[in-house]
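Quantities reported herein were computed from a predicted structural model and do not represent experimental measurements.
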Amino acid sequence: MTSAIESGLLPGTSEIHEEGLSVGGVLLTELARRFGTPLFVYDEEHLRRRCREAVAAFGRDNVAYASKAFLCTAMARLAHEEGLLLDVASGGELRVALHAGVPADRIVLHGNNKDEAELRTAMSVRVRHLVVDSFDEMDRIERLHAGEHLPPARIQLRVAPGVAAGAHEAIRTGGNDSKFGFGLAGGTAAAAVRRAAGSPAMILEGVHAHVGSQVLDTAELAAGAAAVARFAADTRMHRLTVGGGLGVAYEAGQIAPSFARWAARVRTAVRDAGWGYPVTVEPGRSIAARAGLTLYRVGTIKRIEGVRTYVGVDGGMSDNLRPALYGSRYEVFLPRDPRAPRPMRARLVGKHCESGDVIVDDAALPADIAVDDLVATPVTGAYGYAMASNYNKLPRPAVVFVRDGHARTVVRRETEEDLLRLDVDEPAGLPEPAETALYGAGAARRVGTA
């Protein structure tokens with residue numbers, strides 16, 4: 001028999017009452033009643049504590065929140081208020097950070113294929129630095145500097161240190177076979193240093209590396225940091241960023257390292273590699289994941305004798321893509337009784353028209369689970385809402401922050417009207433020629449003159 005949900009998987013302010021589990025002083029059952037389901041719930045105090053722990057471990061100005069894990073205006077403001085830089089990976093994330101009031105000099109822009117529009121904005125507002133990922137990107141920066149007289153870009157070069165780590169191949173980023181960065185092998189990274197140092201369009205400040213995500217062994221993170229630190233020291237850089245990647249516990253029995261342990265291992269590794277300056281890190285998952293959980297409502301229970309039981313809920317892969325994408329695993333519990341034993345095994349599935357729409361493949365559940373029950377999947381604060389989609393035209397869930405007995409909406413629930421907002425609903429014109437319909441207008445003109 002599987003025991004009750006482990007407290008170490010729940011948000012930090014969780015408390016068990018006779019009526020069920022509360023987070024931030026608010027019962028989860030009450031949140032579902034007020035805001036509907038599916039619903040992302042974040043423990044604001046937990047988020048702030050994690051930000052402070054990261055700053056305490058690495059020092060102010062040495063922690064950048066990897067906003068791809070979870071970003072909205074409220075989250076950007078929270079991270080900035082707690083002294084973190086903002087690490088954004090697209091023009092859209094940059095827009096949100098600026099809209100939240102984060103000063104440009106507190107923002108770092110990442111991305112392996114930044115286009116001219118993204119670079120133009122970043123250079124115009126003068127972000128803290130760009131993480132340059134390719135020679136093609138250098139070409140674009142130089143064109144913008146020379147052709148549009150934009151100020152030189154402060155940059156760090158992303159290098160692939162030949163060390164890859166992470167729980168799944170798709171999130172291992174530091175190896176030689178990667179779309180990210182200049183490889184240390186073969187001298188590519190050294191050539192990038194020479195190119196950037198000699199360009200009037202770039203101010204080379206340092207190097208950056210990221211070896212992967214959901215890493216539970218700090219030795220792997222330290223190995224990647226050491227590899228890039230040796231390169232940074234040899235090329236006489238004065239800034240070093242070693243990325244994020246610190247993992248979290250998603251299932252019972254898993255143990256995640258603390259920020260303090262991560263910091264100690266990294267500092268030792270870079271010092272031994274000859275680096276004598278501070279290092280910057282970019283945690284995302286390790287700040288946001290455990291702070292958030294997702295609430296669903298059970299709609300269907302299907303028992304197939306001798307096969308399995310399916311429990312269907314009102315969300316699915318449109319609000320948690322990670323199980324389908326990475327084979328990620330989660331726990332499940334009933335907020336009305338989080339201490340209940342969970343002897344029943346079932347596949348927790350969503351409502352999408354996909355057999356792969358699985359939230360938890362072999363979930364442990366209380367034996368008395370019933371239709372209309374509220375269920376919760378903890379540790380969904382990272383890459384849940386961030387990867388949410390409108391597949392099957394499901395509106396994306398709302399996001400609420402809870403703290404000190406109060407709940408506030410920070411992202412409203414989409415409506416069916418929102419699903420039509422971008423459609424261009426014009427009357428149909430005359431039928432196109434068959435060639436145009438099949439091959440496009442340009443192809444039709446070529447066919448017509450052949």
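Aromatic rings of H110 and H208 (six-membered ring for Trp) have centroids within the 6.0 Å cut-off, being under it. Between F70 and Y42, a ring centre-to-centre spacing shorter than 6.0 Å is recorded.
Environment of CZ in R95: sparse, with no more than 12 heavy atoms of neighbouring residues, nucleotides or ligands closer than 6.0 Å. The environment of CZ in R261 is sparse: at most 12 heavy-atom neighbours from other residues, nucleotides or ligands sit within 6.0 Å. Other residues, nucleotides and ligands contribute more than 12 heavy atoms inside 6.0 Å of the CZ atom of R413. The number of heavy atoms from other shown groups lying within 6.0 Å of CD1 (I255) does not exceed 12.
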Working for salt bridge (charged side-chain N to carboxylate O under 4.0 Å, His left out), residues D418 and K393: CA-CA 10 Å; D418 289 324; K393 290 299 184 183; over 6 Å; no
Between T37 and L374, does a side chain to side chain contact (heavy atoms under 4.5 Å, CB included) hold up when you go through it step by step?
CA-CA 9 Å; T37 58; L374 186 69; 3.7 Å; yes
Verdict with supporting geometry, R48 and E81, side chain to side chain contact (heavy atoms under 4.5 Å, CB included): CA-CA 9 Å; R48 292 184 181 277; E81 288 168 1; 2.8 Å; yes
- Task: Dump the intermediate steps for salt bridge (charged side-chain N to carboxylate O under 4.0 Å, His left out) on D43 and R49, then the final yes or no.
- Result: CA-CA 10 Å; D43 181 345; R49 287 177 190 171; over 6 Å; no
- Give the intermediate values and the outcome of side chain to side chain contact (heavy atoms under 4.5 Å, CB included) for residues I287 and L84. CA-CA 11 Å; I287 286 175; L84 275 62; 3.6 Å; yes
- Determine, stepwise, if the pair E53 / R50 fulfils salt bridge (charged side-chain N to carboxylate O under 4.0 Å, His left out). CA-CA 5 Å; E53 288 169 9; R50 292 297 284 170; 2.8 Å; yes
TODO: In sequence, state the C-alpha distance, the side-chain angles, and the governing distance for V402 and E44, and then conclude on side chain to side chain contact (heavy atoms under 4.5 Å, CB included).
DONE: CA-CA 6 Å; V402 289; E44 182 175 345; over 6 Å; no
- [ ] Evaluate the side-chain hydrogen bond (donor to acceptor under 3.5 Å, both in side chains) criterion for residues R322 and Y330: first the C-alpha distance (whole Å), next the side-chain angles of each, then the deciding distance (0.1 Å), finally the verdict.
- [x] CA-CA 10 Å; R322 294 185 68 251; Y330 292 89; 2.6 Å; yes
- Stepwise, does the salt bridge (charged side-chain N to carboxylate O under 4.0 Å, His left out) test hold for E45 with R52? CA-CA 11 Å; E45 183 59 32; R52 293 167 193 161; 3.6 Å; yes
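Under 3.5 Å, the side chains of Y250 and Q214 contain no donor-acceptor pair of N or O atoms. Between T241 and Q156, the side chains place a donor N or O and an acceptor N or O closer than 3.5 Å (distance only, hydrogens not considered). One side chain, D319 or Y296, offers a donor N or O that lies under 3.5 Å from an acceptor on the other. In this structure, a donor-acceptor pair under 3.5 Å is absent between the side chains of S389 and S318. Looking at N390 and E414, their side chains do bring a donor and an acceptor atom within 3.5 Å of each other.
Scanning all heavy atoms of the two residues, the minimum distance from S67 to D87 falls at OG-O, 2.7 Å. Annotation for L27 and G20: closest pair CD2-O, 3.7 Å, computed over non-hydrogen atoms. Taking both residues in full, the closest heavy atoms of N62 and V279 are given as CB-O, 3.4 Å, listed atom of the first, atom of the second, then distance. Residues E82 and V55 approach most closely at O-CG2, 3.9 Å, considering heavy atoms.
Taken to the nearest 0.5 Å, the CG atom of D373 stands 7.0 Å off from the CG atom of D368. Atoms CG and CZ, on L365 and R347 in that order, are 13.5 Å from each other to the nearest 0.5 Å. N112 contributes atom CG, which lies 11.0 Å from atom CG of D136 (distance to the nearest 0.5 angstrom). Atom CZ of R421 sits about 8.5 Å away from atom OG1 of T415, to the nearest 0.5 Å. The CZ atom of R285 sits 9.5 Å away from the CG atom of L246 when rounded to the nearest 0.5 Å. The CD1 atom of I301 lies 5.5 Å from the CD1 atom of I369; values are rounded to the nearest 0.5 Å.
The side-chain heavy atoms of W262 and P257, taken from C-beta on, include no pair separated by under 4.5 Å. At a threshold of 4.5 Å between non-hydrogen side-chain atoms, the residues T377 and L293 do not count as touching. Residues L94 and V127 meet the side-chain proximity criterion, which asks for heavy atoms closer than 4.5 Å. Put simply, the side chain of F401 does not reach to within 4.5 Å of the side chain of H406, judged on heavy atoms. Between R290 and V248 there is no side-chain heavy-atom pair separated by less than 4.5 Å. For the pair D337/P366, no side-chain contact is recorded, criterion being any heavy-atom separation below 4.5 Å from C-beta on. Side-chain atoms of F333 and L21, non-hydrogen and from C-beta on, do get closer than 4.5 Å to each other. Counting heavy atoms from C-beta on, the side chains of I141 and M123 come closer than 4.5 Å.
Salt bridge status for E251 with R329: present, with a side-chain N to carboxylate O gap under 4.0 Å. Salt-bridge formation is not detected for the pair R140/E137: no Lys NZ or Arg NE/NH1/NH2 atom is positioned less than 4.0 Å from an Asp or Glu carboxylate oxygen.
When each of D361, I359, V298, D362 is checked for a side chain to side chain contact (heavy atoms under 4.5 Å, CB included) with L348, only I359 meets the rule.
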